[in-house]
Amino acid sequence: MPIENATLPFDAATASAAYQNALQVIESVEPTVAGAIRSELADQRSSLKLIASENYASPAVLLTMGTWLSDKYAEGTIGHRFYAACQNIDTVEQAAVDHATALFGAPHAYVQPHSGIDANLVAFWAILAQRIELPALENAGAKHVNDLSEADWQQLRRALGDQRALGMSLDAGGHLTHGFRPNISGKMFHQSSYGTDEKTGLLDYEKVRATAKEFRPLILIAGYSAYPRKINFATMREIADEVGAVLMVDMAHFAGLVAGKVFTGDYDPVPHAHVTTTTTHKSLRGPRGGMVLCQPEFADSVDRGCPMVLGGPLGHVMAAKAVALAEARQPAFQTYAQAVADNAVTLAEGLMKRGVRLVTNGTENHLALLDVTSFGLTGRQAESALLDSGIVTNRNAIPRDPNGAWYTSGVRIGTPALTSRGFGAEEFDRVAELIVDVLTATSPNAAASGGASKAKYAIADGVAGKTHSAADEMLAANPLYPGLDLG
Ligand code: DSN
């Protein structure tokens, strides 16, 4: 049965009128784009979206982005802009900040970052600015970096480039932006990582502590994109304090569970971390964007995110963040967040009772990580077979993955999006059954044309079609934006 109050808040008749008119306006200029917008809604309505980092925003959030707040330059901060006539941008940015600080109980919020990567860059720079001991400079009286001598500038650069960051390893579920080489953070910092226990797949805090004591990082980073468990942030802060590090938590994946009071006490990062970063579009169900919350010590440096590492703030997106955060402050959002977590447990148990191995043998958040090697498949083959059957997931490395980060041995799934449609326990158990049916019916197929062998597969006749029909039934019973008619 659908979960009451967990679905998206909106009025179908008003939203239909708004979208029909908007599409007419767009169609008159560029019908291809209007067509793609219609198709995207149709695609999203007709698939089982299990990508753990995706969701569906409310029409109020989406409509807020299609406004003239987009047309304004507003570099700077609230009340202190490098452009004239920013009063309305000030209003929406302040609204987003007020909602964010109230919702998360944070002393300070910065809502300008355009993405999670940007939010992390803002945080990194703020931490460097606040915490590194800079060398004594020859012409220390210089008012601006451009006035420094070349020797001083070289010294400064060396000091900046000599800092260390410690984060969760990628194959344990950490994120690229936590100091790994394909991201600028891996070039900014000397990086070391902590993994998870080989047997249980769980974080071993004593090992984190030992690694931190040996490595002595400036920043201890906690957070993940594919670790299916809660993290004890009180313990992480204790470790950070023991080694004199700054605790930075990237809660992008589970911000909705923090906002919805599922993660509280030691599991709520905001009171424990010096700096907390997030995206706003995952479990938080807002517009695509980022945000930084921090303790007062870092506020001034965080607020310098633009122009230090960010382009001009996106007024229309900050406004949509304010709307989404206002929604998240409603009691119904807590119902939604709890349902996301409960549904993840149902989904994980549904898979395990049908013989699937999950990394960590379960979940405590919104996601689960399947090890698909027992089906004889790579993550790439499993992802493709599921997609052919109407189930959208993404392949993901598992700890110590023999197939590397491209083909992988895992598939990551999550519950935020389908919970927004109203899926409950019955539906998620059926989803587990469908996933197992597809994976059981899929085999590697070296004879298939094109691509590398780790990508080739075949699904037994009829299974993809049967799964599609079963998915369609569930989707029809739990429509996305029910009653929203694009005309
Ligand atoms: N792309 C996001 C995810 O899927 O987890 C994180 O960057």
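First listed ligand is number 1; within each ligand, the first listed atom is number 1. Hydrogens, waters and symmetry mates play no part in the numbers below; they use all other heavy atoms, side chains included. Heads up: numbering here begins at 1 and tracks the sequence.
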Any Lys/Arg nitrogen of Glu54 or Lys49 sitting under 4.0 Å from an Asp/Glu carboxylate oxygen of the other? yes
Apply side-chain contact (heavy atoms from CB on, under 4.5 Å) to Ala109 and list each qualifying residue two or more places apart in sequence or on a separate chain. Val97, Ala100, Thr101, Leu293
Is any side-chain N of the basic residue among Glu238 and Arg209 closer than 4.0 Å to the acidic one's carboxylate O? yes
For Ser389 and Ala464, indicate whether the former's side chain and the latter's backbone hold a donor-acceptor pair under 3.5 Å. no
Counting only heavy atoms and a distance below 4.0 Å, can you name the residues contacting ligand 1? Ser53, His175, Ser225, His253, Lys282, Arg412
So that I know where these two stand, are Phe263 and Phe233 an aromatic pair - ring centroids less than 6.0 Å apart? no
Looking at every heavy atom in both Phe124 and Ser185, which two are closest together, and how far apart are they? CE1-CB, 3.6 Å
